[in-house]
Amino acid sequence: MEQHFFDFIRGYVRIRISGEACDRFLNLCAYHGIRLWGLFPADGACEAFISRKDFFRLKAFVRKSHTRVRIAGRYGFPFFIHKYRSRGACVCGAFAAAVFLFWLSAHIWNISIEGNLSQTDDVIFEYLENEGVSHGMWKNQIDTQELSEQIRMYFTQFSWVSADLKGTRLVIYVKEGTLSAAPADDTLESVGGIAAAKAGTVVSIFVRKGLAAVEAGDVVEAGDLLVSGQIPVYSDDGEVLSWQSVNADADIILRTETDYYETLAFETTLKNYTGREKRSWLLRIGDFSFALPASWESFSLFDLTAAITQVQLSENFYLPVYFYKYTAKEYESLQYSYTEEQARRILESNLSDFVENLEEKGVQIFQNNVTIDLYEKMAVAEGTLITDESAVISVDEPQR
């Protein structure tokens with residue numbers, strides 16, 4: 001759909017191709033990079049769509065293939081302007097709209113992040129804002145390769161980051177946990193090693209590239225080098241002749257400790273929703289907002305939620321236009337007392353959710369040392385989880 005939009009702006013025509021060597025004509029077009037679409041047979045000939053610019057390149061191919069090509073239809077903005085040239089206001093309005101859409105297409109109006117688990121979108125958006133990457137900026141101001149490297153170096157739990165510009169979108173893909181090193185490059189002034197992200201014990205290590213600096217059973221601290229990107233090259237008598245530099249690549253599992261602590265008071269305040277709801281809407285265009293009057297002033301206590309919808313012309317063509325739908329849900333405050341058994345079940349359920357979240361990230365629970373203790377006014381879940389995980393980060397090593 002996005003390609004069709006740009007075809008409309010530039011203008012395109014439907015051509016009718018006839019003759020005995022239509023296939024040769026099509027092969028010549030494909031060989032020279034001329035895009036034809038919507039090809040279909042029509043009364044002993046064939047018809048297809050072609051951009052207005054490429055149409056003027058067909059003369060030589062028509063002569064070589066001994067075919068005949070004629071225009072069967074004209075479409076797009078340039079032909080629209082020509083057709084209604086006598087209606088100045090209509091033409092000017094259409095031209096202004098086209099220029100405005102072109103200006104919009106040169107900016108970023110949507111930033112999305114995919115693949116992050118340990119970091120929330122808000123944390124990453126705050127980092128991007130501090131780096132000058134925000135909605136509304138020009139697309140040519142972003143170096144996606146440099147931005148990917150900056151994000152990976154700042155968020156050490158991301159082993160792989162890729163930034164991609166799609167239409168008016170900036171999509172940032174991240175991968176956590178398993179380190180995937182880039183191909184080796186001997187021209188680099190530094191090479192990539194692998195270090196521990198946490199303190200722990202090496203459970204297993206399998207090196208694809210590089211030189212292992214530890215072995216299974218070794219105790220390491222955060223930041224300790226696990227795999228070096230410097231590989232010695234020995235002579236026949238065992239002396240080091242030179243060093244080969246690579247970006248290390250390995251599968252490493254560390255056994256680490258994760259602290260856990262949560263409390264739950266026996267006396268608490270709960271929300272009892274009455275079932276009454278009121279809604280309001282807001283339209284935001286760029287930095288300008290237009291809101292309907294709020295309708296929930298009669299509620300003394302309420303929760304307010306907002307659903308935001310951004311207008312888009314296609315999958316990757318977003319506009320700086322947003323619709324906000326606010327929903328207020330009225331509630332009453334009730335004092336509630338948990339029994340010891342209820343408090344224990346709630347803490348156990350929260351701990352189970354925490355463990356499940358770790359397992360979704362590829363972390364294996366080796367031992368659960370969390371206990372739940374009951375006191376006079378609260379219940380406390382406290383202890384450590386012994387986990388097996390790929391808690392590693394990539395680091396730079398100076399070349400030898």
Side-chain angles (χ1 to χ4, degrees), residues 1-110 137-145 162-171 311-321:
M1 185 174 180
E2 187 175 338
Q3 180 64 51
H4 182 70
F5 169 76
F6 289 110
D7 288 333
F8 176 82
I9 294 298
R10 291 187 287 261
Y12 62 98
V13 298
R14 188 176 82 249
I15 58 175
R16 183 180 182 86
I17 310 162
S18 58
E20 298 180 356
C22 291
D23 54 345
R24 186 184 180 195
F25 172 81
L26 297 176
N27 289 334
L28 287 171
C29 290
Y31 180 77
H32 289 86
I34 293 180
R35 186 171 65 94
L36 298 172
W37 71 94
L39 183 67
F40 61 94
D43 299 330
C46 60
E47 294 187 1
F49 295 99
I50 185 172
S51 68
R52 187 168 61 103
K53 179 181 177 181
D54 285 341
F55 174 76
F56 295 104
R57 300 171 56 191
L58 298 181
K59 186 175 181 180
F61 309 143
V62 170
R63 187 173 60 252
K64 288 182 180 180
S65 59
H66 302 289
T67 54
R68 293 180 300 277
V69 173
R70 66 178 182 87
I71 296 177
R74 298 174 174 85
Y75 310 92
F77 185 72
F79 300 111
F80 173 82
I81 293 291
H82 181 77
K83 182 178 180 180
Y84 295 99
R85 61 188 181 277
S86 59
R87 302 180 182 180
C90 178
V91 171
C92 290
F95 179 75
V99 171
F100 182 59
L101 285 176
F102 180 78
W103 179 84
L104 288 174
S105 68
H107 292 73
I108 292 175
W109 301 114
N110 180 271
M137 68 180 301
W138 292 90
K139 293 196 296 186
N140 59 12
Q141 294 179 344
I142 293 184
D143 185 332
T144 55
Q145 184 174 358
S162 174
D164 190 14
L165 286 172
K166 296 182 177 180
T168 60
R169 297 180 65 201
L170 172 62
V171 185
V311 177
Q312 58 187 108
L313 298 181
S314 67
E315 180 182 0
N316 295 313
F317 198 117
Y318 284 78
L319 299 178
V321 180

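In what follows, residues are counted from 1 in the order of the sequence shown. Values below: all heavy atoms of this structure, side chains included; hydrogens, waters and symmetry mates excluded.
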- For the residue pair Leu165 and Ile108, establish whether any side-chain heavy-atom pair is separated by less than 4.5 Å. yes
- Please confirm whether the backbone N or O of Arg70 pairs with a side-chain atom of Arg16, one donor and one acceptor, at under 3.5 Å? no
- Any chance you could measure Lys64, atom NZ, to Lys59, atom NZ, to the nearest 0.5 Å? 14.0 Å
- Item | Between Phe61 and Phe25, ring centroids under 6.0 Å | no
- Taking all heavy atoms of Ser105 and all of Thr168, pick out the closest pair and write down the distance. CA-CG2, 3.7 Å
- Quick one: does Asp7's side chain get under 4.5 Å of Arg35's, heavy atoms only? yes
- One should read off an interatomic distance between Phe56 CZ and Asp54 CG, to the nearest 0.5 angstrom, of 10.5 Å
- Query: How many angstroms lie between atom SG of Cys29 and atom CZ of Arg24, to the nearest 0.5 angstrom?
  - Reply: 12.0 Å
- Message: Does Phe40 have more than 12 heavy atoms from other residues, nucleotides or ligands lying within 6.0 Å of its CZ?
- Response: yes
- Can you find a heavy atom in the side chain of Thr144 that is under 4.5 Å from one in the side chain of Asp164? no
- Note on the structure: CD (Glu47) and CD1 (Ile17) are apart, to the nearest 0.5 Å, by 9.0 Å
- Note on the structure: The reported gap from CD in Gln141 to NE2 in His107 (rounded to nearest 0.5 angstrom) is 8.0 Å
- Crowded around Arg57 CZ? As in, over 12 foreign heavy atoms under 6.0 Å? yes
- Applying side-chain contact (heavy atoms from CB on, under 4.5 Å) to Phe55 and not counting sequence neighbours gives Val13, Ile15, Ile50, Leu58, Val69, Ile71
- Item | Flag side-chain contact, heavy atom, 4.5 Å: Phe49 against Arg14 | yes
- Task: Please name the pair of heavy atoms, one in Ala21 and one in Thr67, separated by the smallest distance, quoted to 0.1 Å.
- Result: O-CG2, 3.5 Å
- Message: Looking at every heavy atom in both Tyr12 and Gly76, which two are closest together, and how far apart are they?
- Response: CE2-N, 4.5 Å
- Write down the atom of Ser65, the atom of Leu28, and the distance for their closest heavy-atom approach. CB-CD1, 4.5 Å
- At what distance, to the nearest 0.5 angstrom, does NZ of Lys53 lie from CZ of Arg10? 8.5 Å
